[in-house]
Participant: 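I have a structure I would like to understand better, so I am pasting it below and will then ask my questions one at a time.
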Amino acid sequence: MRVSRSLLVTLRDDPAEAEIPSHRLLQRAGYIRRVASGIYAYLPLMWRVLRRVSAIVREEMDATGALETLLPQLQPAELWQRSGRWAGYTDGEGIMFHLVDRQERALGLGPTHEEVVTALAADLLRSYRQLPVCLYQIQTKFRDEIRPRFGLMRGREFIMKDAYSFHADPDDLAATYAVMEQAYSRIFARCGLRAVAVEADSGAIGGSASKEFMVTADAGEDLVLTSSDGRYAANQERAESLPPAAVALPPAPPSTLETPGQSSIEALCSAHGFHPSQIVKVLLLVARFAGGRQQPLLIVLRGDQELNTVKLSNGLNRAHGPSWGSLLQLQPLEPGQLAAPDRLPFGFVGPDLDDAVLADSPGLEPTFLRLADGTALDLERFVAGANRRDLHRTGLSWGTEGDGVLAPPPRQDLRAAQPGDPCCHDPSQQLVAARGIEVGHIFQLGRKYSEALDARFTNDQGQDEALWMGCYGIGVSRLAQAAVEQHHDEAGIIWPVAIAPYEVIVVIASAQDPQQVALAERLYGELQAAGVDVLLDDRPERAGVKFKDAELLGIPWRLVVGRGAAEGRIERVERASGERQDGEVGALVDDLLQRLRQQRNPLA
RNA sequence: CGGGGCGUAGCGCAGUUUGGUAGCGCGGGUGCUUUGGGAGCAUCAGGUCGCAGGUUCGAAUCCUGUCGCCCCGACCA
């Protein structure tokens, strides 16, 4: 392709709306344009990148035996009602775009395809002899994100590869899950990304085992915790760790403590010399369930620990979802929700707070659901609020009766793992925090969807049973931007060869010099004939402009035809290393072709 | 949804406090010079100042409403 004909529009200034480097660069170098919030046009250069990423994804998916399909984006509400997800995905802060057609039928734009693919499986799969099967597609997904941001990172319309596997038993599912994990590692490696697989929460999609693939980058929206020996990595939502040891509170009889205005752990510690682990803190929340129940929660944690809301939500769903409907929302209890806010001394609350503070509050259940993390329950003695303003108690303990003895709430794992915590697999290792961009997520779904949508097959015993399912996603457009986030410098993008829009750019230093033009044209033709994706910068610009653009675009190799053209000499510059070589055309090109063969597929 | 900010030429911005009929840089066209690291000079084109009401002799500027966009948070396969 000739640059003069390529609709290349680069910007000299950073676009005002872009915050992170990858978004700025993609916009500035003419790869994407915003059409509306979270909705982008992929310009010709970007489309080439996306096609190359897709090609790698296809090769690796095909290699696992998966079958490519294309499923509808417009989906009937009825399917989603059958899986039980319609309300959750469309009400309130649901993320599904939905509409009503001229016949008053409700439809949604697919944010994911479990329903459609499971309905198809129900129709097509009848016998264990057909299993396992894995279907995949590369297609645009729609999600009405609460806050789209960072360009393609969190868009409302984006390209995704999603795959769904069907199995006769859980072992076979686990085997395919392992194959997919391998395929994913290969895909990210081939795309030139440093990615780590981390244990993850399976979230709203449901299921048991789940892993996320994270591209490490400062702009990442997720916090990943890894052990320094590399044997453990997990999303913080899901991470497990050993709690750091508590500092024992010296034995003393129970007593009250004047704590004027000391409503935070820090204030308490600095005023009285406590260690945060000697204090028991109480969080008051309200959980809203699909059945309409608004349940006040009293959460007890050790003072140095933080609540992991994902663990709490999962626990609530498990214990109460069947009777109260699924958990919709978890929010702090606000004084405004109480009939008599004055009765509740926020900041001085202890685990034994009386349910009476909730009395007559409209909409709220009249009693707290009380839960305590093990770290708090394992304290022998502790400090806690006295349930009266400006007053705490010390020398408290857990038990059934006695002075200063509080009834322990039911135990549940609620604490968030933190950087610096000892690792479960080896207490001598500590967790280290890194930011990550989620580019892939694989799940063992189990039978959640097949049971809901009645996707059944006949097993080898002649019995009818629900299919076992897995699902596997890769954010294709997000992956492309994540690559930029990981590979750029001051001057612009530095594409890995495997996903670059073009592998080589031939720059004519002076388009007025017929000798330069002739040599560049010859070179351009030869490279094309050799199967190289090559750009020819034939614009009548000054050399400096073309060099800047080549760097901004991030083309891995630049061949400059300039002063040496008459002697058949050119300059070759590698974008990533900045390494320059002057030499005779033929030799430099031969060497380049060799390097390209290797760089196109680092795993080959 | 809560908090904050911004909508003025294709892009980046000034002008708004104190109302007087719109400007700068980049980019685009043309001509001359220049020609290996985002050139110089000259010249031209390009804006219903997001939109709708209102106040005023007069509104980019003041008031009301509305739409859009960005950031933080909540939220999120």
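Protein chains get the first letters and strands the later ones, always in sequence-line order, with residue 1 at the start of each.
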Participant: Provide, to the nearest angstrom, the distance between the CG atom belonging to Asn314(A) and the P atom belonging to rC76(B).
Facilitator: 11 Å
Participant: Without decimals, in angstroms, what is the distance between Arg154(A) CZ and rC70(B) P?
Facilitator: 14 Å
Participant: On a whole-Å scale, what distance lies between the C1' atoms belonging to rC49(B) and rA60(B)?
Facilitator: 5 Å
Participant: Nearest to the side chain of Arg147(A), heavy atoms from C-beta on, is which of rA74(B), rC70(B), rG25(B)?
Facilitator: rA74(B)
Participant: Can you check the Tyr89(A) OH to rC76(B) P distance for me, whole Å?
Facilitator: 10 Å
Participant: With rounding to whole Å, what would you report as the distance between rA9(B) and rG3(B) at their P atoms?
Facilitator: 30 Å
Participant: If we only count heavy atoms from C-beta on, is the Lys211(A) to Val198(A) side-chain gap below 4.5 Å?
Facilitator: no
Participant: Could you give the CD-to-P distance, from Glu221(A) to rA74(B), as a whole number of Å?
Facilitator: 12 Å
Participant: For rC41(B) versus rG5(B), give the span between their C1' atoms, rounded off to a whole number of Å.
Facilitator: 41 Å
Participant: Please state the P separation for the pair rU16(B) and rG68(B) - nearest whole angstrom.
Facilitator: 29 Å
Participant: State whether the side chain of Gln481(A) and the backbone N or O of Phe150(A) hold a donor-acceptor pair below 3.5 Å, judged by distance alone.
Facilitator: yes
Participant: Test ring-ring contact (aromatic ring centres under 6.0 Å, His included) on Tyr472(A) and Phe443(A); report intermediate values, then the result.
Facilitator: CA-CA 6 Å; Tyr472(A) 319 92; Phe443(A) 303 80; 8.5 Å; no
Participant: Return the pairing partner of rU18(B) with a 3.5 Å limit on both distances, Watson-Crick or G-U wobble; otherwise return none.
Facilitator: none
Participant: Would you indicate whether the side-chain heavy atoms of Glu306(A) and Arg415(A) approach each other to under 4.5 Å?
Facilitator: no
Participant: Write down the protein N/O and nucleotide N/O pairs, taken from nucleotides 43-46 of chain B, whose separation is under 3.5 Å; answer none if there are no such pairs.
Facilitator:
none

Participant: Could you encode protein contacts along nucleotides 30-41 of chain B as a string, one character per nucleotide from 5' to 3', using B for base contact, S for sugar-phosphate-only contact and - for no contact, with a heavy-atom cut-off of under 4.0 Å?
Facilitator: ----BBBBBB--
Participant: Which whole number of Å gives the distance between the C1' atom of rU8(B) and that of rG4(B)?
Facilitator: 22 Å
Participant: Considering only heavy atoms from C-beta outward, does the side chain of Gln444(A) approach that of Pro170(A) to under 4.5 Å?
Facilitator: no
Participant: Atom CG of Leu312(A) to atom P of rC75(B): distance rounded to whole Å?
Facilitator: 11 Å
Participant: How far does the P atom of rG50(B) sit from the matching atom of rC13(B), given to the nearest Å?
Facilitator: 15 Å
Participant: Roughly, in whole Å, what's the span from CD in Glu19(A) to P in rC72(B)?
Facilitator: 6 Å
Participant: Classify the nucleic acid contact of Arg34(A) as base, sugar-phosphate or nothing, counting any heavy atom under 4.0 Å across all strands shown.
Facilitator: sugar-phosphate
Participant: Decide if the gap between the ring center of Phe166(A) and the ring center of Trp468(A) is smaller than 6.0 angstrom.
Facilitator: no
Participant: Roughly, in whole Å, what's the span from CD1 in Ile39(A) to P in rG68(B)?
Facilitator: 12 Å
Participant: Please report the interatomic distance CD1(Ile187(A)) to CD1(Ile56(A)), rounded to the nearest 0.5 Å.
Facilitator: 8.5 Å
Participant: Using distance only, find each side-chain donor-acceptor pair of residues 536-544 of chain A under 3.5 Å and give its atom names and separation, not counting sequence neighbours.
Facilitator:
residue   : atom : partner   : partner atom : Å
Asp537(A) : OD1  : Arg539(A) : N            : 3.3
Asp537(A) : OD1  : Arg539(A) : NE           : 3.0
Asp537(A) : OD2  : Arg539(A) : NH2          : 3.0
Asp538(A) : OD1  : Ser4(A)   : N            : 3.0
Asp538(A) : OD1  : Ser4(A)   : OG           : 3.1
Asp538(A) : OD2  : Ser4(A)   : OG           : 2.7
Arg539(A) : NH1  : Asp549(A) : OD2          : 3.2
Arg539(A) : NH2  : Asp549(A) : OD2          : 3.0

Participant: Mapping Ala36(A) and Arg33(A) to their closest nucleotides on RNA chain B, which lands nearer the 5' end?
Facilitator: Arg33(A)
Participant: Between Gly38(A) and Ala16(A), which is nearer to the 5' end of RNA chain B once each is assigned its nearest nucleotide?
Facilitator: Ala16(A)
Participant: Pairing check on rG68(B): which nucleotide meets the Watson-Crick or G-U wobble criteria with it, both distances under 3.5 Å?
Facilitator: rC6(B)
Participant: Hey, are His441(A) and Ser210(A) close enough side-chain-wise for a donor-acceptor pair under 3.5 Å?
Facilitator: yes
Participant: Measure distances between side-chain N and O atoms of Arg149(A) and base N and O atoms of rC70(B), and say whether any donor-acceptor pair falls under 3.5 Å.
Facilitator: no
Participant: Could you tell me whether Tyr31(A) and Trp495(A) have their ring centroids closer than 6.0 angstrom?
Facilitator: yes
Participant: Find the partner of rG31(B): check Watson-Crick (N1-N3 plus N6-O4 or O6-N4) and G-U wobble (N1-O2, O6-N3) distances, both under 3.5 Å, and reply none if neither fits.
Facilitator: rC41(B)
Participant: With rounding to the nearest 0.5 Å, note down the distance linking CG in Leu301(A) to CG in Asn308(A).
Facilitator: 10.5 Å
Participant: Is there a Watson-Crick or G-U wobble partner for rC49(B) with both distances under 3.5 Å, and if so, which one is it?
Facilitator: none
Participant: Atom CZ of Arg288(A) to atom C1' of rA74(B): distance rounded to whole Å?
Facilitator: 13 Å
Participant: How far, in whole Å, is rA52(B) from rG40(B) if one measures between their C1' atoms?
Facilitator: 47 Å
Participant: Using the C1' atom as the point on both nucleotides, what is the distance between rG15(B) and rG23(B), in whole Å?
Facilitator: 7 Å
